[in-house]
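Take a look at the structure below.
Chain naming here is simple, since letters A, B, ... match the order of the sequence lines and numbering starts at 1 in each. Side-chain atoms are counted along with the backbone in the values below, which use heavy atoms only and exclude waters and symmetry mates.
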There are 2 protein chains.
Amino acid sequence: MSEPTPGLDALPRFVVDRTSPVPLYYQVAQHLEDAIHSGAVPTGTLFQNEVDLAASLGLSRPTMRRAMQHLVDKGLVVRRRGIGTRVVQPKLRRSLELTSLNDDLTRAGRKPTTEVLSFERVQATDVVAERLEVPEATVVHELVRIRRADGEPIARLINYLPEHIVAFDELDLAEHGLYELIRRQGVVLHSATQTLGARTATAAEARLMSEPRGAALVTAQRVTYDDHGQAVEFGNHIYASSRYTFEINLLTT
Amino acid sequence: MSEPTPGLDALPRFVVDRTSPVPLYYQVAQHLEDAIHSGAVPTGTLFQNEVDLAASLGLSRPTMRRAMQHLVDKGLVVRRRGIGTRVVQPKLRRSLELTSLNDDLTRAGRKPTTEVLSFERVQATDVVAERLEVPEATVVHELVRIRRADGEPIARLINYLPEHIVAFDELDLAEHGLYELIRRQGVVLHSATQTLGARTATAAEARLMSEPRGAALVTAQRVTYDDHGQAVEFGNHIYASSRYTFEINLLTT
DNA sequence: CAGTGGTCTAGACCACACC
DNA sequence: GTGTGGTCTAGACCACTGT
């Protein structure tokens, strides 16, 4: 078995900034990540061992290890006892994140627009109450939006939120992602669980999404929780499958 | 703001086994995780501070911290400087993993069966070649399977694998998950990228999946990489949306 | 054997939250 | 203030890999 790139690694000059509030391990990790993504350290490269690397940067070994571990968690390198640290395919830019569709589209260089179809207070149905973990018939906010990219309909988003979460209005919603607005109120988002499926569009949905009759839609149901384990949002969404797919990257740790 | 469960935490008697090959931090993390999942340490509980906890277990603080960090990574607790470590809703049993459909079904208590429709060596089409990162028209293995649960068709799985990966036969495939067979050959799976979408079934597909004509199918395309960044598998799958959905749990860190 | 990463220790100082 | 977690150090010993 021949090594893809057996070369030892001489990292470009780099010194940490000990006056910066940014942790040293993070400065190092960031630097190495940039070097990998820029192609300066190609796939297959074997790093110097961590002891020498720590010494040459004037850091302790635990700090150096922490930087390395950060890269492992991101899937950028693989470490093996007795072998070393090797750069792997930098394919996974980011692991799965809790992103809003808004951000996804912006990142893809498209211009998302949002139309708020309705924004009302309603009594929670049994399904909504169960997901949000509130008593049935509790008053919650229901908001329905259409998200378009370059004018084309991408998704119809229906969200339910507990009353106390909502401190914004239609105007804010048309301009900002829902998560951004929630976070802005000091809510710390912690986790989410999402279910993806498919079904055929009803006639009304097809019209709304500019799709042919009977078109296949991607469906998504998502519940988001804050760091107290409280459900802060339940979403029930449909996506035009001809214009949007979900990408999921994962590590096999 | 009143605390959900203000009680300090008195952990049940527990001593680490210093003769075990299992790392101490892992023993501690496992013990705490069990305590959380069993309900012995309910949601909202505030842990003792890590210094005392370390002392009471006869461990150093870094080791205790490492155990804690493990729980944070799993989404079981939240830590805040100046506040403490709090148990959150243990909803996320496991984050997103690279599981085979086989395992998913077995875990759900259903009986998966696999029928191998074909298992041949073919020349890679341009799409397949691109995903597997091999030259066009390279010979690869193509295998087509139907996965059923309790007799009902759930998915049609089409996979392409580089020739050197395949050291198993149809019989193995009918009994074991594909990933299991790949791993058994010493291949270390590292990461995968998956795209989920939807489309309507063709007449043949509808028949195969016991679905009505024009039914919506969930589509999935997945490429799996080993720890050298080599693509080891490309899958192009369809799922009966009436019988299967994808569940995705994620942390917002 | 020599070289690698994996684990663990016993301290230190700092930033932040709450009283 | 006091108490919490966050960072960092300078060592030590071990387990695994390859020669």
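Residue B:L53 contributes atom CG, which lies 13 Å from atom C1' of D:dG5 at whole-angstrom precision. We find that CG of B:L24 is positioned 11 Å from C1' of C:dT9, with the value rounded to whole Å. In this entry the distance linking CG of A:D17 with P of D:dC8 reads 12 Å, nearest Å. Residue A:R61 contributes atom CZ, which lies 14 Å from atom P of D:dT9 at whole-angstrom precision. A:Q48 has its CD atom 14 Å from the C1' atom of C:dG3, to the nearest Å. We find that CZ of A:R86 is positioned 13 Å from C1' of C:dT4, with the value rounded to whole Å. Going from atom CD of B:Q69 over to atom P of D:dC8 covers 14 Å, rounded to whole Å. For the pair B:L46 CG and C:dA17 C1', the computed distance is 12 Å after rounding to whole Å.
With the nearest nucleotide of DNA chain D identified for both A:S60 and A:R81, A:S60 has the one nearer the 5' end. Place B:P23 and A:N49 on DNA chain C by their nearest nucleotides, and A:N49 ends up nearer the 5' end. Nearest-nucleotide mapping onto DNA chain D: of A:I83 and B:T85, the residue sitting toward the 5' end is B:T85. Residue whose closest nucleotide on DNA chain C sits further toward the 5' end, between A:D52 and B:R66: A:D52.
A:R65 has a side-chain polar atom (N or O) that falls below the 4.0 Å cut-off from OP1 or OP2 of C:dG6. When the side-chain nitrogen and oxygen atoms of B:R79 are compared with OP1 and OP2 of D:dT7, none of them lie within a distance under 4.0 Å. For B:Y25, a side-chain nitrogen or oxygen approaches OP1 or OP2 of C:dT7 to under 4.0 Å.
Using the six-membered ring where Trp is involved, A:Y26 and A:H70 have ring planes that are perpendicular, over 60° apart on the 30 and 60° scheme.
Under the 3.5 Å distance criterion, with hydrogens and angles disregarded, no donor-acceptor pair is assigned to the side chains of A:Y225 and A:T193. For the residue pair B:T85/B:R79, the side-chain donor-acceptor check at 3.5 Å is satisfied. Donor-acceptor pairing under 3.5 Å is recorded for the side chains of A:R145 and A:N159.
Under the salt bridge (Lys or Arg N to Asp or Glu O under 4.0 Å) criterion, B:R18 pairs with no residue at all, not counting sequence neighbours.
Counting non-hydrogen atoms under 4.0 angstrom, B:P62 reaches a base of the nucleic acid.
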